[in-house]
Undergrad: 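One structure is given below, represented as structure tokens, and several questions about it will come after.
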Amino acid sequence: MIARYELRCSRCAKPALRHDAPCAACGELLEFALQAAPVDASAARAYVAMVAGRRAGNDPLDRSGIWRWRELLPPVPHDAIVTLAEGNVPLYDAPEIAAREGVAALAFLHLGMNPTGSFKDLGMTVAISAARAAGAGRAICASTGNTASSMAAYAARAGMEAYALVPRGKISGAKLAQMRDYGVRVVEVEGSFDDALAALTDGAHDGAAVVNSINPYRLEGQKCTAFAMLEARSWKVPDWVVVPGGNLGNSSAIGKGFREARALGLIDRLPRIAVVQAEGAAPFVTLYRSGTDLIPVVPRTIASAIAVGAPKSWRKARAELDASNGVAVAVSDEEIDAAKGRIGAAGIGCEPASAATLAGIVRLRADGILSASDDIVAVLTGHVLKDSDASVRVADRRDVGA
Ligand SMILES: *Cc1c(COP(=O)(O)O)cnc(C)c1O
Ligand SMILES: [Zn+2]
């Protein structure tokens, strides 16, 4: 089974000559579009079995949960690939929480169990490898902490310099410490993540590879989340996949992964995708419900990883919700903290942005959008140690029984 990908505009479909600039015709983000050859079911089964078998090998590419799927990724010369054995993530069943919420099944796919503690590694291995193959000596990103930590680790492995623009005072101490551990150069920017990203895209960055999720290689790695989830469920499609939304690259990537799995004959239907935002940073919920274009907001939420007021991938994410009959929902910071406490008490743990998934599930069940028969996977995006202030806040509140 050979897939072929064409780099083109995600909006007007015009082919693109380079990946590191928006569409020359309409200004939208690019994507690697699958040129699907129809695959017969037995060839699809054989491919999936071959990929599963790679896990037992010792080749670093086979040990990566991303590069195991290399036939479904844009081609990168193997000697340029930088991998930290990312993508081998657990799917944790949570029957008590499912019973409490009155749904048939709930499991957490924990992408925080990646080498640098967030899903960013899934895309970063592809973006840094492609940058290295193109001869870039430097990488740069705007970040609330996790993208920069991931970039810094992979860039260090690749022998590249790394520069991070972060919003001053708005990121967790653990994330700032982690990225510095890998040797990143930090530039603090006044304002929010959106201001840091604007400073990056407006400025000259002199041949440095931009590795935010506007880089289409990032989303190709992150789409493998869909494959990992399906593989862990023996290719049984869940009814719902619930994912937190900030800049909306990840929800776009996961939706793309499921659509490609269907196009390749690996599954025969799509799960519905639910994007959860924090109430203080919910421009996508607003636009999805009203049918308008993006109206940026000034983001305010304790869930710093989703404190994004002008998400770049909103059109891609909207297309994925349209394709999957999905929904977008906003939850309060109090609901996020309560959900974080429950995920911790289940022995799983995550950072606040990830806990927004469970808060969203509670809301969607109360609203009657989730039903008693639903089989749900929530995507936990970041590790519990990413934001220890949040853990202390949530645990203190739980201990006093508030
Ligand atoms: C980056 C991040 C998000 C948001 O992902 P987007 O692709 O920006 O929507 C959510 N949770 C965590 C922990 C993150 O690091
Ligand atoms: Zn275009």
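On a predicted model such as this, the values are computed, not experimentally measured, just so you know. We count ligands from 1, going down the list as the structure has it; atoms in each ligand are counted the same way. When a residue number appears, it is its place in the shown sequence, counting from 1. Because only heavy atoms are used, hydrogens play no part in the values below, and waters and symmetry mates are left out as well, while side chains stay in.
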Undergrad: Look at Glu31 together with Lys223 and state whether they make a salt bridge at an N to O cut-off of under 4.0 Å.
TA: no
Undergrad: Is a donor on one side and an acceptor on the other found under 3.5 Å between the side chain of Asp367 and the backbone of Ile369?
TA: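 Not at all, since once roles are kept as given, no pair shorter than 3.5 Å links the two residues.
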Undergrad: Considering only protein heavy atoms, which is closest to atom 7 (O) of ligand 1, and at what distance to one decimal place?
TA: Asn250 N, 2.8 Å
Undergrad: For the pair Trp69 and Phe227, name the ring-plane relationship: parallel under 30°, tilted 30 to 60°, perpendicular over 60°.
TA: tilted
Undergrad: So does Glu279 pair up with Arg363, basic N to acidic O under 4.0 Å?
TA: yes
Undergrad: Keeping Asp374 on the side-chain end and Asp239 on the backbone end, is there a donor-acceptor pair under 3.5 Å?
TA: no
Undergrad: What is the closest protein heavy atom to atom 5 (O) of ligand 1, and at what distance does it sit?
TA: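 Residue, atom and distance for the closest contact: Phe119 CZ, 3.3 Å.
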Undergrad: How far is atom 14 (C) of ligand 1 from its nearest protein heavy atom, and which residue and atom is that?
TA: Lys120 NZ, 2.9 Å
Undergrad: Short N/O distance, under 3.5 Å, between Asn146 and ligand 1?
TA: yes
Undergrad: Note the single closest protein heavy atom to atom 11 (N) of ligand 1, along with its residue, its atom name and the distance in Å.
TA: Thr381 OG1, 2.8 Å
Undergrad: Could you tell me whether Gln222 and ligand 1 have an N or O pair separated by under 3.5 Å?
TA: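 So ligand 1 has no N or O lying under 3.5 Å from an N or O of Gln222.
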Undergrad: Strictly below 4.0 Å, N to O, side chains only: are Arg157 and Glu86 in salt-bridge contact?
TA: no
Undergrad: Show which atoms of ligand 1 fall inside a sub-4.0 Å distance from at least one heavy-atom site of Gly382.
TA: 13 (C)
Undergrad: State, to the nearest 10 degrees, the angle whose vertex is the Zn ion (ligand 2) and whose arms point to SG of Cys23 and SG of Cys9.
TA: 110°
Undergrad: Considering only heavy atoms of Asn247, which atoms of ligand 1 have at least one such atom less than 4.0 Å away?
TA: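 So the answer, numbered in order with elements, is 6 (P), 8 (O), 9 (O).
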Undergrad: Report yes if some N/O of Gly245 lies less than 3.5 Å from some N/O of ligand 1; otherwise report no.
TA: no
Undergrad: Hey, which atoms in ligand 1 end up nearer than 4.0 Å to a heavy atom of Ala353?
TA: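 So the atoms of ligand 1 that pass are 11 (N).
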Undergrad: At the 4.0 Å heavy-atom cut-off, does Ser251 count as touching ligand 1?
TA: no
Undergrad: Below 4.0 angstrom from a heavy atom of Gly246, which ligand 1 atoms are there? Numbered from 1 as shown, please.
TA: 4 (C), 6 (P), 8 (O), 9 (O)
Undergrad: List ligand 1 atoms under 4.0 Å from Gly249, heavy atoms only on the residue side.
TA: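 Per the distance check, 6 (P), 7 (O), 9 (O).
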Undergrad: Just jot down the ligand 1 atoms closer than 4.0 angstrom to any heavy atom of Glu351, in number order.
TA: 13 (C)
Undergrad: Hey, is ligand 1 close enough to Ser354 that some N/O pair sits below 3.5 Å?
TA: no
Undergrad: Do the side chain of Glu320 and the main chain of Ile273 share a donor and acceptor less than 3.5 angstrom apart?
TA: no
Undergrad: For a quick test of reading the model, state the closest non-hydrogen atom pair linking Pro244 to Ser354 and the distance between them.
TA: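 Smallest heavy-atom distance, with atoms named: CG-CA, 4.4 Å.
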Undergrad: Before accepting this row, confirm whether a basic side-chain N of the pair Asp194/Lys312 lies closer than 4.0 Å to the acidic partner's carboxylate O.
TA: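 Lys312 and Asp194: not salt-bridged.
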Undergrad: Decide, yes or no, whether a salt bridge links Lys256 with Glu260 under the criterion of side-chain N to carboxylate O below 4.0 Å.
TA: yes
Undergrad: Backbone or side chain, does any N or O of Leu248 fall under 3.5 Å from an N or O of ligand 1?
TA: yes
Undergrad: Side chains of Asp195 and Ser192 only: does a donor on one sit below 3.5 Å from an acceptor on the other?
TA: yes
